[in-house]
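Note that the structure is predicted; figures quoted are calculated from it, not measured. Order of appearance sets the numbers: ligands from 1, and atoms from 1 within every ligand.
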Amino acid sequence: MKVLVVGGGGREHAICWKLKQSPRVTELYCAPGNGGIAEIATCVPIKATDIEALADFAEKEKMDLTVVAPDDPLVMGLVDLLESRGLRAFGPRANAAIIEGSKVFSKELMKKYHIPTAAYEVFDDPAKAMDYIRQRGAYPAVIKAEGLALGKGVIIAKDEDEAEAGVKEIMEDKKFGDSGNRVVIEEFLTGPEISVLAFTDGKTLCPMVSAQDHKRAYDNDRGLNTGGMGTFSPSRVYTPEMEKECMENIFLPTMAAMNAEGRTFKGVLYFGLMSTKDGVKVIEYNCRFGDPETQVVLPRLEGDLLEIFEAIIDERLSEVDIKWKDGGCVCVVAASGGYPEKYESGKEITGIAEAEAMEGVTVFHAGTKLDGGRLLTAGGRVLGVTAIADSLDAAIKRAYEAVEKVRFDKMHFRRDIGIKRY
Ligand code: AMP
Ligand code: GLY
């Protein structure tokens with residue numbers, strides 16, 4: 001089969017890496033891909049948001065399957081576009097991707113179908129939003145832009161001044177464009193956060209193994225929020241009892257709710273969860289594989305990812321027996337110094353082959369490019385140095401031994417990935 005993967009980060013590298021192991025994938029393409037993906041797939045210089053050009057390419061090259069990994073093309077309707085041209089595509093249609101594309105939609109869905117989440121109100125007027133926050137007088141206040149904002153559209157304001165600045169930034173300065181036309185103001189929850197990705201064809205839902213993300217730039221969760229500085233799987237707090245609770249109260253009700261709304265979700269549904277004193281609640285939904293969660297989840301998947309993708313498209317997921325490896329997997333992100341603020345690119349990267357020579361180690365590229373024979377940094381998050389082992393602790397040790405072999409100027413990584421005990 002000829003397969004095209006859309007996207008160009010660490011998540012897409014992990015998806016390509018897993019698909020490449022399928023005996024049925026004979027030709028693998030990735031748009032736009034990156035320096036690491038280029039070693040296993042043919043990279044095509046089309047942006048993930050250029051959905052017309054992607055559909056033209058898939059049609060011209062007669063792709064047997066296109067896997068749409070990032071949020072924007074899903075929300076923009078790339079899957080619908082491919083289907084309208086008679087092509088097979090993996091990922092939710094736009095009418096289901098809205099579960100991530102609009103926080104107002106997802107909050108209303110949860111309220112209507114009694115899925116546990118933080119209490120909230122929606123505002124389209126900044127003055128009214130501020131009146132509500134003042135009147136409530138409960139801090140921290142959580143302010144969320146309605147639409148996609150690269151994971152940065154959430155402001156946790158510790159006092160009135162910060163809330164005012166946040167509302168202004170989102171709704172008046174339009175820092176995230178039209179994503180900030182409306183805001184969701186919600187109750188602040190506390191507790192450990194767990195990411196659970198699930199395969200679903202709208203009839204069956206199979207949760208993957210759990211993961212946890214480290215979002216802050218520096219050790220002990222200090223510094224700014226980032227796209228994710230590292231992940232580990234499984235979570236230590238996500239017990240089988242908790243999984244059962246989530247299946248009953250969250251996962252299956254969400255699948256049913258989307259069906260009831262005439263928005264059947266087929267693809268990977270990502271549940272961002274928080275284990276609070278009142279039970280597990282949904283913090284957010286994503287309509288896709290998480291990044292960098294995918295980098296620690298897919299190495300634990302036994303068997304053929306292509307087979308699962310095809311079963312979801314054909315709505316026969318119930319026939320597939322999905323198995324996971326025991327033990328643990330850890331991904332340490334090597335970032336450019338200064339990220340998530342200003343950083344430099346174009347630094348030569350060395351040591352990847354030495355790291356990958358270690359048992360159980362794979363280096364997923366997030367922001368790299370090939371320049372002649374040299375591999376250069378080309379983004380804030382550069383690499384995800386990933387190790388799988390018989391236990392989480394062994395995987396942590398292995399990932400850190402591997403990351404020490406990799407070098408580029410001003411490389412920064414957290415030293416405590418996987419260490420959090422909650
Ligand atoms: P989101 O994009 O909705 O996942 O939010 C980004 C991050 O903000 C989450 O991973 C949480 O750490 C935090 N967050 C979001 N909503 C809440 C909430 N209601 N209470 C506490 N923290 C939250
Ligand atoms: N790791 C969070 C996300 O993919 O949105």
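When only non-hydrogen protein atoms are considered, atom 8 (O) of ligand 1 lies nearest to Val154 CG1, 3.7 Å. For atom 3 (O) of ligand 1, the closest non-hydrogen atom on the protein side is Lys144 NZ, 3.0 Å. The protein non-hydrogen atom at the shortest distance from atom 21 (C) of ligand 1 is Leu189 O, 3.1 Å. Among all non-hydrogen protein atoms, the one lying nearest atom 10 (O) of ligand 1 is Glu193 OE1, 2.7 Å. Looking at atom 14 (N) of ligand 1, its nearest protein heavy atom turns out to be Ile156 CD1, 3.9 Å.
Under the 30°/60° scheme for interplanar angles, the aromatic rings of Phe232 and His214 are found to be tilted.
Protein residues are said to neighbour a ligand when one of their heavy atoms lies under 4.0 Å from it; for ligand 2 these are Asp213, Tyr270, Asn286, Arg288, Gly290, Asp291, Glu293.
In terms of heavy atoms, Arg11 sits closest to Phe289 at NH1-O, 2.9 Å. In terms of heavy atoms, Ala55 sits closest to Leu78 at N-CD1, 4.5 Å. Closest heavy-atom contact between Gly36 and Thr368: N-OG1, 3.4 Å. Residue Phe408 comes nearest to Leu383 through the heavy atom pair CE2-CD1, 4.4 Å, listed as atom of the first residue, atom of the second, then distance.
Counting heavy atoms from C-beta on, the side chains of Asn34 and Lys369 never come closer than 4.5 Å.
Only side-chain heavy atoms of Lys215 come within less than 4.0 Å of ligand 1; its backbone N, CA, C and O stay farther off.
Atom CZ of Arg236 and atom CD1 of Ile194 lie 12.5 Å apart (nearest 0.5 Å).
Remark: the Thr117 side chain and the Lys107 side chain contain an N/O donor-acceptor pair separated by less than 3.5 Å.
Atom CG of Asn259 has more than 12 heavy atoms from other residues, nucleotides or ligands within 6.0 Å.
Checked against the 6.0 Å centroid threshold, Phe271 and Phe251 count as a close aromatic pair.
Of all atoms in ligand 1, numbered sequentially from 1 with element shown, those under 4.0 Å from a heavy atom of Glu186 are 16 (N), 17 (C), 18 (C), 19 (N). Taking every heavy atom of Glu284 and a limit of under 4.0 angstrom, the matching atoms of ligand 1 come to 1 (P), 2 (O), 3 (O), 4 (O).
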